[in-house]
Participant: 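Submitted below is the structure of interest, expressed as structure tokens.
Order of the sequence lines fixes the chain letters, A, B, ..., with proteins taken first and strands second; residue numbering starts at 1 for each chain. Everything numeric in this text was worked out from a predicted model, so none of it was measured.
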Protein chains: 4
Amino acid sequence: MTVHSSEARAGRASADPDRAAKRERILDAAERVFAQRGFYAAKVADIAREAGVADGTIYLYFKNKDDLLICLFESRMERVIQILGDAVAGAAGPRAQLRAFVAAYLTLIADQPTAAEVLTIELRQSTKFMREYSPQRFGELLRILATVIAAGQATGDFTDQVPAPHAARMIFGMLDEMALAWLLGRAPRRRGQKPAPPLATGRERGKMPAPHGTDFDISRAADWVAALVTTGLERRSPA
Amino acid sequence: MTVHSSEARAGRASADPDRAAKRERILDAAERVFAQRGFYAAKVADIAREAGVADGTIYLYFKNKDDLLICLFESRMERVIQILGDAVAGAAGPRAQLRAFVAAYLTLIADQPTAAEVLTIELRQSTKFMREYSPQRFGELLRILATVIAAGQATGDFTDQVPAPHAARMIFGMLDEMALAWLLGRAPRRRGQKPAPPLATGRERGKMPAPHGTDFDISRAADWVAALVTTGLERRSPA
Amino acid sequence: MTVHSSEARAGRASADPDRAAKRERILDAAERVFAQRGFYAAKVADIAREAGVADGTIYLYFKNKDDLLICLFESRMERVIQILGDAVAGAAGPRAQLRAFVAAYLTLIADQPTAAEVLTIELRQSTKFMREYSPQRFGELLRILATVIAAGQATGDFTDQVPAPHAARMIFGMLDEMALAWLLGRAPRRRGQKPAPPLATGRERGKMPAPHGTDFDISRAADWVAALVTTGLERRSPA
Amino acid sequence: MTVHSSEARAGRASADPDRAAKRERILDAAERVFAQRGFYAAKVADIAREAGVADGTIYLYFKNKDDLLICLFESRMERVIQILGDAVAGAAGPRAQLRAFVAAYLTLIADQPTAAEVLTIELRQSTKFMREYSPQRFGELLRILATVIAAGQATGDFTDQVPAPHAARMIFGMLDEMALAWLLGRAPRRRGQKPAPPLATGRERGKMPAPHGTDFDISRAADWVAALVTTGLERRSPA
DNA sequence: CATGAATGAGACTTCATTCAT
DNA sequence: CATGAATGAAGTCTCATTCAT
């Protein structure tokens, strides 16, 4: 049974892993380039070079530049949701689960700052559309959190002053903002590539010091978020 | 009392306001167009048409498109900071001030959704650069909040588990996220202008229902944020 | 006899000198700006500023930018022809006249380098058209020289191997080239104005030393030109 | 003998010539368009159309419009220098070499009037910058001539009244001026393309007759130049 | 006459995408 | 499948010229 020809041509069984690997290589390249340059400033040719493929090859794996962004989002988000889900599953009780979620999220940011940069910063470059597109996967993330909170409310651990979905969103806002602050406070662009010309405004803008409260240890942020979320700012009146 | 001569000669007293007014008209137009299309998709020609001026006129008032965005940011942010500062100043005691800040911020969003959309969504389209550029004015906003919190910590009203600047940032994150959710949940684009082609992904994407927890009364959000921030999620142990 | 109103308004008899003076001011400004920036890079607004008038005013005196160049040419050329004519008229005999012409031309260059720069360099920026337009006045200059040569040929002072008009043109070519070399070798642009961006070619081009044979005393050039023109390069056989 | 594989892989031997050929096609097109319209009036789109490529293709071969001019200059100048060098090398003795140079230069003009037009006329449109840029290659040309003259001075064939570099420059000025006169005197623009709107001056300017002394046989010019250069105008006193 | 703000046509250049090899 | 040269649509910005004051 000679398959070589058809297999070589159609190349499905053998190509699939290869294909998937190259697709991943392109996504990784896109992640780096988007993080470095921003979505709009990133050129498809940059990504191709970074991935070590020809420009046209990108289009064999992705419909277009937008699709590349979306697939990148999907890919990374899937991982994030997986990890957050695991973190929650691995904890017992709403309080512990909430804390686990917060810790896992910020750990993720710290561990994969490039991916985080894309998710937290560059994705917003198409935000409206992204959000128009993304609420699905994005909603999943929020739902994990909302579920934990709702459970806590059901058990009486958590107050139900705030509807769980909104509480979830607020907590995510806190995490997102802390992530953003930390990411922006990090060391400047790496490597030889110039980091996309800043908004050419003529107004001189030298090396500014990191803005206030931007340069902190992200692992401590988990404590802060947890503290604020669980006990709030108000000092509990001593009995 | 003949003033006309001097006025005609100086031609300043009359010209300056005109100039300022036209500048404002352009900023307003830019606000609408950016909110509608997003920064990158917005064409300078669109803004000119919306402002009722010629393309070239834009460049008599702004260095370039980026500068237009930055000036818009400055202009709107100034207003925001003014209002938030006033709100805080008008309240007595850290708790009231914190609440006033929260309420004022969300009221602002509700009252000026177009400006809010630009500040919350579109500005992020150049976020990295924007943030590189903006931390000044942006920091002011955070500082107002941080000051309130620090004061509360000093009086003993607020716990000092969380450093004030970080607490401020987290609270801002909550507000920002709620604002974003609400803005995205609002009615679709208005008017005849097509709302900037959505990410052309090929994947059909009809009219989706507003994502979960996105369609709410923003005035209630103030309560939620205040509740979460002040007392936290954990039910205070009775007795 | 109150004339003020009508005179001020219609202002003809009194305006004419004023008008001429302002026209001259604009021409002077144009000369400087053209010399500094080159015709194409020179902006009408630059010239207006340099002349201390409003942009629109230029158009009350000149049809358009091209006309400004042409009028400048006419104005300066008239002067040049006057001077050269006088120089020739002031000399006796073809040999002396030829020498006088050469000396006068190079002296002109040395004395009015800005005007010279325009005539020698910038006018060529529209050369083809300029020459299409200018041959008239330009021809006058050549004719002065040709007349001298023809006279010399008639008297037997000059050989008639070369037709006078062509000899005239060749001599002018020599003068023009020496003028060009000297002008280009002169000190760099003066004042704060940047001298029009050089051809943006990316190739680095630092401060080059003046090209070979470019930095010389122009007054000596008269001797060289005269020597070459009169006796040629070949050493006359002795005996 | 299977070469196809290596050739296909390297894809160089076949691609390079293609690339060079297209580059040349663009340069040729630019030569024609610049000659016809002048550098500033020439639109990149014109050149692209003339070359039969898309606008963007130009930018795959040249950095920008300026670079195109510079490369054109380099390319043509290289040829010119080659030919002039050969001409000089092919002659024996300073006198013959000088004559050879003169003849070769004018022959070049006559044979390749389009290239000559660009080199002699249009390049001057950016002259100051061009000369700022070009003195290198330009200096080479002068150096060839200066070397011949210096040699002649050394042998005693030529007088050393005039320093060789300046003599070279003057002779070049003569050649350049004759070339210019001849080029401008040639038949009007060819083909359907309108020859770039003449300086719109309002002043009517019909078809002027070629200016005096502009319409001559360029091959005779070599004799004139040689005569003037070698023996000068003054009639040698008969023994 | 003078002004100078406004105009708007048009050029250069970029870059996502295609398609012949 | 992969390549990467070619395409060409489209956008930003400039600047000569006009005209209402």
Side-chain angles (χ1 to χ4, degrees), chain A residues 8-12 15 18-19 22 40-49 52-66 68 200, chain B residues 8-9 11 14-15 18-19 22 40-48 52-66 68 200, chain C residues 8-12 15 18-19 22 40-49 52-66 68 200, chain D residues 8-9 11 14-15 18-19 22 40-48 52-66 68 200:
Chain A
R9 240 194 225 148
R12 200 65 164 290
D18 275 14
R19 190 177 162 78
K22 183 168 287 189
Y40 280 97
K43 284 172 272 183
V44 171
D46 291 340
I47 298 171
R49 195 180 329 105
V53 300
D55 295 17
T57 304
I58 303 264
Y59 291 86
L60 297 174
Y61 293 84
F62 302 93
K63 204 168 301 276
N64 51 39
K65 194 183 169 190
D66 285 345
L68 189 48
Chain B
R9 207 177 265 164
S14 71
D18 272 17
R19 189 177 163 77
K22 183 165 287 188
Y40 281 97
K43 283 168 283 182
V44 171
D46 292 338
I47 298 171
V53 300
D55 294 19
T57 304
I58 303 270
Y59 292 87
L60 295 176
Y61 293 84
F62 302 94
K63 206 176 300 286
N64 50 40
K65 197 183 165 191
D66 284 347
L68 188 48
Chain C
R9 235 187 233 154
R12 200 61 165 293
D18 275 14
R19 192 177 162 76
K22 184 168 287 188
Y40 280 98
K43 284 172 271 183
V44 171
D46 290 340
I47 298 170
R49 195 182 327 105
V53 301
D55 294 18
T57 303
I58 302 265
Y59 291 85
L60 297 174
Y61 292 83
F62 302 93
K63 207 171 298 281
N64 52 40
K65 194 184 168 190
D66 284 345
L68 189 48
Chain D
R9 206 175 265 161
S14 73
D18 273 16
R19 191 177 161 77
K22 183 164 288 186
Y40 281 97
K43 282 169 282 180
V44 171
D46 291 339
I47 298 170
V53 300
D55 294 19
T57 304
I58 303 270
Y59 292 86
L60 295 176
Y61 293 84
F62 302 94
K63 208 177 297 289
N64 51 39
K65 197 183 165 191
D66 284 347
L68 188 48

Participant: Could you please name the option among F/dT17, F/dT3, F/dA2 that lies closest to any side-chain atom of A/Y61?
Facilitator: F/dA2

Participant: Between P on E/dC15 and CG on A/L68, what's the gap in Å once rounded to a whole number?
Facilitator: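 My rounded result for the distance is 16 Å.
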
Participant: Which heavy atom of D/D55 sits nearest a heavy atom of D/A45, and at what distance?
Facilitator: OD2-CB, 3.7 Å

Participant: Any side-chain heavy-atom pair from D/Y59 and D/V44 closer than 4.5 angstrom?
Facilitator: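 Side-chain contact under 4.5 Å: yes.
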
Participant: So, is D/R19 near the phosphate of F/dA5, with a side-chain N or O under 4.0 Å from OP1 or OP2?
Facilitator: no

Participant: Rounding to a whole Å, what distance do you find between A/K22:NZ and F/dC1:C1'?
Facilitator: 8 Å

Participant: Can you tell me how far the OH atom of A/Y61 sits from the CZ atom of A/R19, to the nearest 0.5 Å?
Facilitator: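 One finds 5.0 Å between OH of A/Y61 and CZ of A/R19.
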
Participant: Of all heavy-atom pairs between C/Y40 and C/K65, which one has the smallest distance, and what is that distance?
Facilitator: O-NZ, 3.5 Å

Participant: Nearest whole Å is fine: how far is F/dC13 P from B/N64 CG?
Facilitator: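 In whole Å, F/dC13 P and B/N64 CG are 5 Å from each other.
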
Participant: What is the distance, rounded to the nearest whole Å, between atom CG of A/D66 and atom C1' of E/dC15?
Facilitator: 14 Å

Participant: Does OP1 or OP2 of E/dT3 have a side-chain N or O of C/T57 closer than 4.0 Å?
Facilitator: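 For E/dT3, OP1 or OP2 has a side-chain N or O of C/T57 closer than 4.0 Å.
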
Participant: Could you tell me whether a side-chain N or O of C/K22 sits under 3.5 Å from a main-chain N or O of C/V53, the two making a donor and an acceptor?
Facilitator: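 Not a single qualifying donor-acceptor pair exists.
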
Participant: Would you mind pulling out the nucleotide paired to E/dA20, Watson-Crick or G-U wobble, both distances under 3.5 Å?
Facilitator: F/dT3

Participant: Looking at F/dT17, E/dT7, F/dA2, which one has an atom nearest to any side-chain atom of B/A54?
Facilitator: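 When the side chain of B/A54 is considered, E/dT7 is the closest of F/dT17, E/dT7, F/dA2.
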
Participant: Regarding A/F62, tell me which of base, sugar-phosphate or nothing describes its non-hydrogen contacts under 4.0 Å with the strands shown.
Facilitator: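 Counting heavy atoms under 4.0 Å across all strands, no contact is made by A/F62.
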
Participant: Expressed in angstrom and rounded to an integer, what is the separation of D/I58 atom CD1 from F/dG8 atom C1'?
Facilitator: 13 Å

Participant: Whole-Å distance between E/dG10 P and D/D55 CG?
Facilitator: 16 Å

Participant: Start at the 5' end of DNA chain E and walk down; is the nucleotide closest to C/G52 or to D/V44 reached first?
Facilitator: C/G52

Participant: Roughly, in whole Å, what's the span from CG in C/D18 to P in E/dA2?
Facilitator: 9 Å

Participant: Pick base, sugar-phosphate or nothing for D/A48, based on heavy-atom distances below 4.0 Å to the nucleic acid.
Facilitator: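 Contact class for D/A48: none.
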
Participant: Heavy-atom nearest nucleotide on DNA chain F for C/A42 versus D/V53: which residue maps closer to 5'?
Facilitator: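 Nearest-nucleotide comparison on DNA chain F picks D/V53.
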
Participant: C/G56 or D/K65: which one's nearest nucleotide on DNA chain E is closer to the 5' end?
Facilitator: C/G56

Participant: Please report, rounded to the nearest Å, how far the P atom of E/dA5 is from the OH atom of B/Y59.
Facilitator: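 Atom-to-atom, B/Y59 to E/dA5, this comes out as 19 Å.
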
